[in-house]
Amino acid sequence: MFEVANLVRTVLYIAAADGNLRARIGLLTQDAKLSARPGGYYVRWEPATAEADALDATLGAYRRIHAGTLPAGNRDTQAPLRVASRPAA
């Protein structure tokens, strides 16, 4: 399990390493989830035998502290579909 933060240590992304932290972070930079930023990124990791449980606990703690929101990198990037009501003809 790992967290990625910016220069002032604001958490931007929380994820499971899936057994290979270096490869997982490399994929994030290729997928443009982590684009180049001044000051770079800071990574904090926690070894866990059950990564899924550790990830759920960390995301739950983040949500409790931040009023139910997720880090910017974990949020769904697609805007929800807006349906406008139309009067029947």
Side-chain angles (χ1 to χ4, degrees):
M1 200 278 315
F2 68 98
E3 298 177 356
V4 179
N6 63 6
L7 180 64
V8 293
R9 307 299 199 274
T10 301
V11 176
L12 302 172
Y13 189 69
I14 301 172
D18 298 329
N20 190 341
L21 180 61
R22 182 179 295 203
R24 184 77 164 98
I25 291 175
L27 287 174
L28 290 175
T29 58
Q30 289 175 0
D31 292 344
K33 277 236 187 231
L34 298 177
S35 57
R37 285 188 178 207
Y41 291 101
Y42 295 86
V43 178
R44 178 173 52 199
W45 66 92
E46 175 185 335
T49 55
E51 281 189 332
D53 295 338
L55 179 62
D56 289 342
T58 304
L59 285 173
Y62 185 93
R63 283 182 162 201
R64 280 191 296 281
I65 293 169
H66 295 91
T69 61
L70 287 172
N74 291 88
R75 294 181 196 139
D76 189 14
T77 57
Q78 294 179 352
L81 179 64
R82 279 185 43 191
V83 179
S85 60
R86 289 175 74 181

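Throughout, numbering of the chain's residues begins at 1 and tracks the sequence. As a basis for the values below, the full set of heavy atoms in this structure was taken, side chains included, without hydrogen atoms, waters or symmetry mates. Values in this document were obtained by computation on a predicted structure and should not be read as measured data.
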Hphob cluster co-occupancy, [X] + [Y], side-chain heavy atoms under 4.5 angstrom:
| X | Y | value |
| --- | --- | --- |
| Tyr42 | Val11 | no |
| Tyr13 | Met1 | no |
| Trp45 | Leu55 | no |

Can you name the closest pair of heavy atoms from [X] and [Y] and give their distance?
| X | Y | value |
| --- | --- | --- |
| Arg24 | Asp18 | NE-OD2, 3.5 Å |
| Leu59 | Pro71 | CD2-CD, 4.4 Å |
| Ala48 | Glu51 | O-CG, 4.0 Å |

Is there a donor-acceptor pair closer than 3.5 Å between any side-chain N or O of Asn6 and the backbone N or O of Leu12?
no
Between Thr58 and Ala54, is there a donor-acceptor pair closer than 3.5 Å when you use the side chain of the first and the backbone of the second?
yes
Distance, nearest 0.5 Å, that separates CZ of Arg63 from CD1 of Ile14:
10.0 Å
Separation of Leu27 CG from Arg22 CZ (nearest 0.5 Å)
13.5 Å
Where do Glu3 and Tyr62 land on the side chain to side chain contact (heavy atoms under 4.5 Å, CB included) test, with the steps shown first?
CA-CA 11 Å; Glu3 298 177 356; Tyr62 185 93; over 6 Å; no
Check against side chain to side chain contact (heavy atoms under 4.5 Å, CB included), Phe2 and Leu28
CA-CA 12 Å; Phe2 68 98; Leu28 290 175; 3.8 Å; yes
